[in-house]
A.B. asks: 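Below is a structure I'd like to ask you about.
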Protein chains: 2
Amino acid sequence: MSHHDLKLGSPNCGDCPIRHRAVCARCETDELAQLDAIKYYRSFQAGQTVIWSGDRMDFVASVVTGIATLTQTMEDGRRQMVGLLLPSDFVGRPGRSQAAYDVTATTDLVMCCFRKKPFEELMGSTPHIAQRLLEMTLDELDAAREWMLLLGRKTAREKIASLLAIIARRDASLKSSVTKGGVKFDLPLTREEMADYLGLTLETVSRQMSALKRDGVIELEGKRHVIVGSLDRLMEETGDDSDGGALV
Amino acid sequence: MSHHDLKLGSPNCGDCPIRHRAVCARCETDELAQLDAIKYYRSFQAGQTVIWSGDRMDFVASVVTGIATLTQTMEDGRRQMVGLLLPSDFVGRPGRSQAAYDVTATTDLVMCCFRKKPFEELMGSTPHIAQRLLEMTLDELDAAREWMLLLGRKTAREKIASLLAIIARRDASLKSSVTKGGVKFDLPLTREEMADYLGLTLETVSRQMSALKRDGVIELEGKRHVIVGSLDRLMEETGDDSDGGALV
DNA sequence: CCTTTCGGTTGATCTGAGTCAAGGCGAAAC
DNA sequence: GTTTCGCCTTGACTCAGATCAACCGAAAGG
C-alpha cells in the first residue's frame, strides 16, 4: 500500500485497509495539499444518523474509523441495508446534491469530509482522483452484486454464514493475524442490523445463529463475540464456490 | 444529449438512451478518433453466451442494440441476475482480466468492444473517459441498490410490478411517446429470466402476472406483450415511494 | 401431417421464514 | 439494590412462495 491509497482518507487510514487498491502511477504531491485544503472531520456516536435520505448533502466523505450503514426504507417501514461502510470506504456522489440513502453510524464513527463543490473542481483538474474513485466504485458494484445473489437466492443459514465470513475476513485482514484457521471477532452489528443486511427478520437471524452454534460451526461468547473454529467449515455453509473467486 | 454521450457507444446509440447522462465540459474531438481506432463490433444471437464467468476477457464493451444480462450461478444451479444491460450500458472493468459474471444475450445483440489494453492507456491519458465511466458506474451502483431493496424486502407481487415499471419506463423514454398514461410494450425477458431477475421461481412469476391481469393492473396480448392501462396504478403496486425519487 | 420442443399456465401440496408472544439477561439508571 | 430498558432468545402458529406435476398452444422440424 502506497501513500497514495491514503489520499481520500485520513492520517490513520493505514489501520484499516479493507481491500487492497492499486497504486497510482504518478506522484503529484500537491494533490494531497489541495485535498487537505477542503477537508474536515466529523464524529458521530454509535446510533447517530449522519444524514437522512433526501437531505441536502454538500459534501462527499470517506470513513476514517468506525462503521456506517446505508439503508433504504419503504413507506411501511420495511428496511433494507444497501451499503456497509468500513474504514476507507467512500460515501456520496459528485454531481448529486441530495442523499439517496439514510446513512447511520453503527459504531462510533469518524468521517473525513470534502466540500462537494471544490471536490468536484479538483476532480476535474486532477484525473487521478476520478480514477481512484472509479476503481472504488467498481469494487463496490462488485460487492453489491455478490450481495444481490445473497439476497435473491441464499437460504437464511447461508446468509448468516456469508455475513459472518465477510466480517471474519475483513477482521482478519485488519489485524493481519492470519491464525491457523481459527478466528475470533466482535460483531459490529446488532441482530436487527444483521437482519436488515440479509433481508431477514431479527428472529430468524437469532435462530440461525443458535443453529450454527448448535452445529459447532461457531461459538458465541456473550452475544457479540464470535469464535469461528474453522473458516473453511464456515465457508462450506455459505453456498459460495470454494475457490474464493479472487478476480484481479 | 450531446455528441459526447455517444463516445463510448456507437453510431446509432442515439436510438437508445436509457438514462440521461450529464454532458461533458470540454470538447476534444481526437478522443473520438482514438476510441474509433481500438473499437470493433460483435453480434450475438438471442440466447447466445457472450462470455462465461472466469473466462479471460481482453476487452470492455458497451451495448449498441439488444439486451444482455449478467448472472451469477451457484454450484447447485441457483441463478441470480445481477445486471440487465440495455443499449448504451457498459460491461467489463479496466484492470481486470477475467469476467466476473456470465454475460448472455437475451435478444439479438450488438456490442461495441474496445480492446482492454489500449482502452486503459487511453483512459490514463484522457481524464474525460474515466469521468464518464465513473458517472455510469455510480448510476449502476444506484440501480443495484434499488435492486437490493427489491430482492430483500418486496413481496412477489411488488417485485413483478417493479420490474414491469422499470421496463415500461425505459420503453417509454426510448420511444419518447409519452402516452397519456397508458403504455404498451414487449417483455424482452422470458418468465424464467424475470424470475432470475427477481429472486423468484418462474411459477411464481407466472402466477403473479396472472394475478395482476385478473386485478386489472395490466392486460396481456399473447405472453410477451403487455398493456398497462395506468402507469400510476402499476406504481401503486410496486411499494415504492410515490414521488419518483428523481435524485440529480 | 404428425410429433417434438419450448415457453407458459395452473393446481395441489409442502416448507422455510415470518409473525406474534413470552421470557431472559446484562448494563445503565435511579 | 432494585428497576428499567435494550437486546436477544425461544416457542407456537401462519402463510407466501417453493416444489412437484399435469397440461396448453404455438412454432419448428422431420
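Every chain is numbered from 1, with letters handed out A, B, ... down the list of sequences. Not measured: the values here are computed from a predicted model.
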A.B. asks: Could you name each residue pair satisfying ring pair (Phe, Tyr, Trp, His ring centres under 6.0 Å) that touches residues 189-232 of chain A, not counting sequence neighbours?
C.D. replies: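 Output for this query lists A:Trp147-A:Tyr197.
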A.B. asks: For residues 49-81 of chain B, which residue pairs pass the ring pair (Phe, Tyr, Trp, His ring centres under 6.0 Å) check, not counting sequence neighbours?
C.D. replies: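 Not a single pair qualifies under ring pair (Phe, Tyr, Trp, His ring centres under 6.0 Å).
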A.B. asks: How would you list, by chain and number, every residue that makes a side chain to side chain contact (heavy atoms under 4.5 Å, CB included) with B:Gln48, sequence neighbours excluded?
C.D. replies: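 For B:Gln48 the side chain to side chain contact (heavy atoms under 4.5 Å, CB included) partners, ignoring immediate neighbours, are B:Phe44, B:Gln45.
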A.B. asks: Check this for me: does any side-chain nitrogen of one of A:Arg145 and B:Glu140 sit under 4.0 Å from a carboxylate oxygen of the other?
C.D. replies: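 B:Glu140 and A:Arg145: salt-bridged.
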A.B. asks: Strictly by salt bridge (charged side-chain N to carboxylate O under 4.0 Å, His left out), give each pair with a member in residues 48-58 of chain B just once, sequence neighbours left out.
C.D. replies: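 Salt bridge (charged side-chain N to carboxylate O under 4.0 Å, His left out) check on residues 48-58 of chain B returns no pairs.
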A.B. asks: Considering all heavy atoms of both residues, which atom of A:Arg191 and which atom of A:Leu220 are nearest to each other, and what is their separation?
C.D. replies: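 In this case the closest contact between A:Arg191 and A:Leu220 is NH2-CD1, 4.5 Å.
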A.B. asks: Looking only at heavy atoms, what is the nearest atom pair of B:Pro188 and B:Arg170, with distance?
C.D. replies: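 Heavy-atom minimum between the residues: CG-NH2, 4.2 Å.
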A.B. asks: Any salt bridge linking B:Arg207 with B:Glu203? Criterion: basic side-chain nitrogen under 4.0 Å from a carboxylate oxygen.
C.D. replies: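 Not counted as a salt bridge, because no side-chain N and carboxylate O are separated by less than 4.0 Å.
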A.B. asks: Thinking salt bridges, do B:Asp142 and A:Arg93 make one under a 4.0 Å N-O criterion?
C.D. replies: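 So B:Asp142 pairs with A:Arg93 through a salt bridge.
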A.B. asks: Quick one: A:His225 NE2 to C:dC25 P, roughly how many Å, whole number?
C.D. replies: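 Going from A:His225 (NE2) to C:dC25 (P), I get 21 Å.
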A.B. asks: Give the residues of residues 186-201 of chain A touching DNA chain D, defined as any heavy atom closer than 4.0 Å, sorted by residue number.
C.D. replies: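 Only A:Thr190, A:Arg191 qualify.
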A.B. asks: Starting at atom CZ of B:Arg78, determine the distance to atom P of C:dG16, rounded to an integer number of angstrom.
C.D. replies: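 B:Arg78 atom CZ is separated from C:dG16 atom P by 12 Å.
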A.B. asks: For B:Thr204, give me all partners under side chain to side chain contact (heavy atoms under 4.5 Å, CB included), at least two apart in sequence or on another chain.
C.D. replies: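 Here the qualifying residues are B:Ala156, B:Leu200, B:Thr201, B:Gln208.
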A.B. asks: Considering only heavy atoms, which members of residues 144-168 of chain A lie under 4.0 Å from some atom of DNA chain D?
C.D. replies: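 The stretch gives none, as no residue of it lies under 4.0 Å from the strand.
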A.B. asks: Using whole Å, report how far CG of B:Leu202 lies from P of C:dG7.
C.D. replies: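 About 10 Å, once rounded to whole Å.
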A.B. asks: Take atom CZ of B:Arg214 and atom C1' of C:dT10, then tell me their distance rounded to the nearest Å.
C.D. replies: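 One finds 11 Å between C1' of C:dT10 and CZ of B:Arg214, rounded.
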A.B. asks: What nucleotide among D:dT9, D:dG17, C:dG8 has an atom nearest to a side-chain atom of B:Thr204?
C.D. replies: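 Of D:dT9, D:dG17, C:dG8, D:dG17 is nearest to the side chain of B:Thr204.
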A.B. asks: Only pairs at least two apart or in different chains count here, so list each salt bridge (charged side-chain N to carboxylate O under 4.0 Å, His left out) that has a residue in residues 211-225 of chain A.
C.D. replies: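 Passing the test, one end in residues 211-225 of chain A: A:Arg157-A:Asp215.
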A.B. asks: Would you list the pairs meeting side chain to side chain donor-acceptor pair (under 3.5 Å) in which at least one residue belongs to residues 74-86 of chain A, sequence neighbours left out?
C.D. replies: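 Residue pairs with at least one partner in residues 74-86 of chain A: A:Asp76-A:Arg78, A:Arg78-B:Glu158, A:Arg79-A:Asp196.
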A.B. asks: Sequence neighbours left out, what passes side chain to side chain contact (heavy atoms under 4.5 Å, CB included) with B:Ala144? Give chain and number order.
C.D. replies: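 Per chain and number, B:Ala144 pairs via side chain to side chain contact (heavy atoms under 4.5 Å, CB included) with A:Leu141, A:Ala144, A:Met148.
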A.B. asks: Calculate the interatomic distance between A:Gln208 atom CD and D:dC8 atom P; express it in whole Å.
C.D. replies: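 Roughly 16 Å, once rounded to whole Å.
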A.B. asks: Rounded to the nearest 0.5 Å, what separates atom CD1 in B:Ile51 from atom CG in B:Asp102?
C.D. replies: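 Here the rounded value is 9.5 Å.
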A.B. asks: In degrees rounded to 10°, what angle is found between the helical axes fit to the five outermost pairs at each end of the helix from C:dC1-D:dG30 to C:dC30-D:dG1?
C.D. replies: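 Result, rounded to 10 degrees: 30°.
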A.B. asks: Starting at atom CD of B:Glu221, determine the distance to atom P of C:dG8, rounded to an integer number of angstrom.
C.D. replies: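 The answer, rounded to whole Å, is 16 Å.
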A.B. asks: For A:Met209 and D:dT9, give me the distance from atom CE to atom P, rounded to whole Å.
C.D. replies: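 My rounded result for the distance is 7 Å.
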A.B. asks: Whole Å only: how far is the CZ atom of B:Arg224 from the P atom of C:dT9?
C.D. replies: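 It works out to 10 Å between those atoms.
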A.B. asks: With the criterion being N/O to N/O and under 3.5 Å, what pairs connect the protein with nucleotides 20-23 of chain D, and how long is each?
C.D. replies:
unit_1	atom_1	unit_2	atom_2	d
D:dC20	N4	B:Glu203	OE2	3.2

